[in-house]
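Quick note on labels: first sequence line is chain A, next is B, and so on, each numbered from 1. What you are looking at is a predicted structure, and each value in this text was computed from that prediction instead of being measured.
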Number of protein chains: 2
Amino acid sequence: MDKIKVALVDEHPVMCDGIQSLLSDVIDIQIVHSSRTVTDLIQKLYFDWANVVIVVLYTPDPEDAELISLLCKKHPKVQVLVLSMYRIENMIFKMIKAGAKGHLTSETNRDEMVEAIYTLRNGFDFYAKTITNLILRNYLNGSDEAAEARREREKSLSTREMEVLKLFARSYTNKEIADRLFISVRTVESHKNNIMRKINLKTTVDMVKFAIRNNIVDVY
Amino acid sequence: MDKIKVALVDEHPVMCDGIQSLLSDVIDIQIVHSSRTVTDLIQKLYFDWANVVIVVLYTPDPEDAELISLLCKKHPKVQVLVLSMYRIENMIFKMIKAGAKGHLTSETNRDEMVEAIYTLRNGFDFYAKTITNLILRNYLNGSDEAAEARREREKSLSTREMEVLKLFARSYTNKEIADRLFISVRTVESHKNNIMRKINLKTTVDMVKFAIRNNIVDVY
DNA sequence: ACTTCTTTAGGTGTTTTACTGAATCCTCTA
DNA sequence: TAGAGGATTCAGTAAAACACCTAAAGAAGT
């Protein structure tokens, strides 16, 4: 059987070298590519010249999910294995939804990584124990009411609230938002209060982060 | 001559494995320790059982400088090599000041890392080209004025300002920040104002985004 | 018709921001 | 060694934003 062709994506070149070296003595595995971004890899990866792509993610960025989705679409034969340094359910689910077939965390080791690569090449999914624990806990929470309601609310911002949130997260002041939407400053305050209550946020700082996480605004 | 004993500090175990593997075929180098934090290493490192400690840092945290300083004090014979995933002049200078004898960035590769380890063991300092370029540009900045001053300001947040920014961007209120840093709320306000003036930010929303962009805090 | 949610907005008191000034400490340099 | 300059500390004052509450008009569904 041919060697398993593995491509790496890690924004830090040293880490690419490290993983490459980590897998160098596994005779069935061959590293065929290293890229700093998923976008780069998509361009480099002609003719599906890889069985497995390991994408290393350091910070939870919703955009990564889109990029992985794009990667899966452009190269359907490639199996994507995410190695995330964070353990945020929401993000991990996003990656799975985007088409990632496996997920490891920083708790992983060489053997698990090799096992994951083999498993993915053979057409099966592979999730680290730390991940499956998360997923299990998430399912068990599913029957819960409070938790479910919270998650529900998280998606049910009204149109107006979205507009206010968007402008606020773009550094508009309350007065500017009020003028632009032809409403009172007090109404803007109300909307912001309601947003925070709905999503269960403590401060406006959290509101900014929420907007960034959900791609309502850019980080720039 | 004895092998060079190298200890690793990386909060992500996989990365420790990766670097260990990366250096495994260098016959003169032997990895003797792996820790997730500098604090852990200090406790594990009896009798200066290492010539070089590689500390991998992902986000710019002033506390890391203090920990490295402590490490240098407790184990004077150990040479500290920092591998930072960021390139913020201010922080790099802090690490050097704290006693780090070398500094690499994510742009580094195996050969450079090996060279750095050898150099440090021999009692000399080693800074990656990307770092020396930063330092050079920093010195040359004296000539230009307006344009260069902006870039200057953008990277010259003081330690205290960094601490305040970090806590603020982690959703702490001014009062909480004040209590934690044992200063007045008015002082916290001053620091926040100074940060915004230095980096030329309009609102606190921009400040949150700045912190996220520069990996000072995460998005969640 | 009734409930529920959205959108609107005000009251009141607290917190944060904008802008300014200023004292103390540390470091670097002439 | 004295002075310049930045870092760190704190305060006064007016404006803005926030927390917590109430509440009315309208739209949508049961």
Exercise for the section: Flag yes if more than 12 heavy atoms outside B:Lys44 fall under 6.0 Å of its NZ atom; otherwise flag no. Expected result: yes
Exercise for the section: Can you run down the ring pair (Phe, Tyr, Trp, His ring centres under 6.0 Å) pairs that involve residues 173-197 of chain B, sequence neighbours left out, and say none if there aren't any? Expected result: none
Handout entry: Phosphate-side-chain proximity, A:His191 and C:dT8, N/O vs OP1/OP2 below 4.0 Å
Key = yes
Handout entry: Whole angstrom value for the distance that separates P of D:dA16 from CD of A:Glu176
Key = 11 Å
Practice task
Report the distance from atom CD of A:Glu161 to atom P of C:dC5, rounded to the nearest whole Å.
Solution key: 12 Å
Handout entry: Qualifying ring pair (Phe, Tyr, Trp, His ring centres under 6.0 Å) pairs with a residue from residues 7-41 of chain B, counting only residues at least two apart or across chains
Key = B:His12-B:Tyr58
Fill in the blank from the handout: Separation of D:dT8 atom C1' from B:Met162 atom CE, nearest Å, is 17 Å
Practice task
Grab the CG-C1' distance between B:Leu181 and D:dC10 for me, whole Å please.
Solution key: 15 Å
Practice task
Using salt bridge (Lys or Arg N to Asp or Glu O under 4.0 Å) as the criterion, list what pairs up with B:Glu176, not counting sequence neighbours.
Solution key: none
Practice task
Measure the distance from CD1 on B:Ile195 to P on D:dA7 and round it to the nearest whole Å.
Solution key: 12 Å
Might you list the N or O atoms of the protein lying below 3.5 Å from N or O atoms in nucleotides 16-26 of chain C, with each pair's distance?
from	atom 1	to	atom 2	distance (Å)
C:dT16	OP1	B:Asn174	N	3.2
C:dT17	OP2	B:Asn174	ND2	3.4
C:dT17	OP2	B:Lys192	NZ	2.8
C:dA18	OP1	B:Lys202	O	3.4

Handout entry: Separation of D:dA16 P from A:Ile177 CD1 (nearest whole Å)
Key = 14 Å
Problem - Inter-axis angle, terminal five-pair segments of the helix from C:dA1-D:dT30 to C:dA30-D:dT1 [nearest 10°] - result: 40°
Handout entry: A:Lys192/A:Glu189 ion pair, N-O < 4.0 Å
Key = no
Exercise for the section: Starting from P on D:dC20, measure out to NZ on A:Lys198 and report it in whole angstrom. Expected result: 18 Å
Practice task
Remember a base hit wins even if backbone is also touched, and classify B:Ser184 as base, sugar-phosphate or nothing at under 4.0 Å, heavy atoms.
Solution key: sugar-phosphate
Handout entry: ring pair (Phe, Tyr, Trp, His ring centres under 6.0 Å) pairs, two or more places apart, involving residues 161-180 of chain B
Key = none
Practice task
Specify the separation, in whole Å, of atom CG of B:Asp179 and atom P of C:dT15.
Solution key: 12 Å
Problem - By side chain to side chain contact (heavy atoms under 4.5 Å, CB included) - contacts of A:Asn193 (at least two apart) - result: A:Met196
Problem - Non-neighbouring partners of B:Lys101 that pass side chain to side chain contact (heavy atoms under 4.5 Å, CB included), sequence neighbours left out - result: B:Gln79, B:Leu120, B:Asp125
Exercise for the section: Kindly write out the residues that satisfy side chain to side chain donor-acceptor pair (under 3.5 Å) with A:Thr204, not counting sequence neighbours, or none if the list is empty. Expected result: none
Practice task
Return no unless some side-chain N or O of A:Thr187 is found under 4.0 Å from OP1 or OP2 of C:dA9.
Solution key: yes
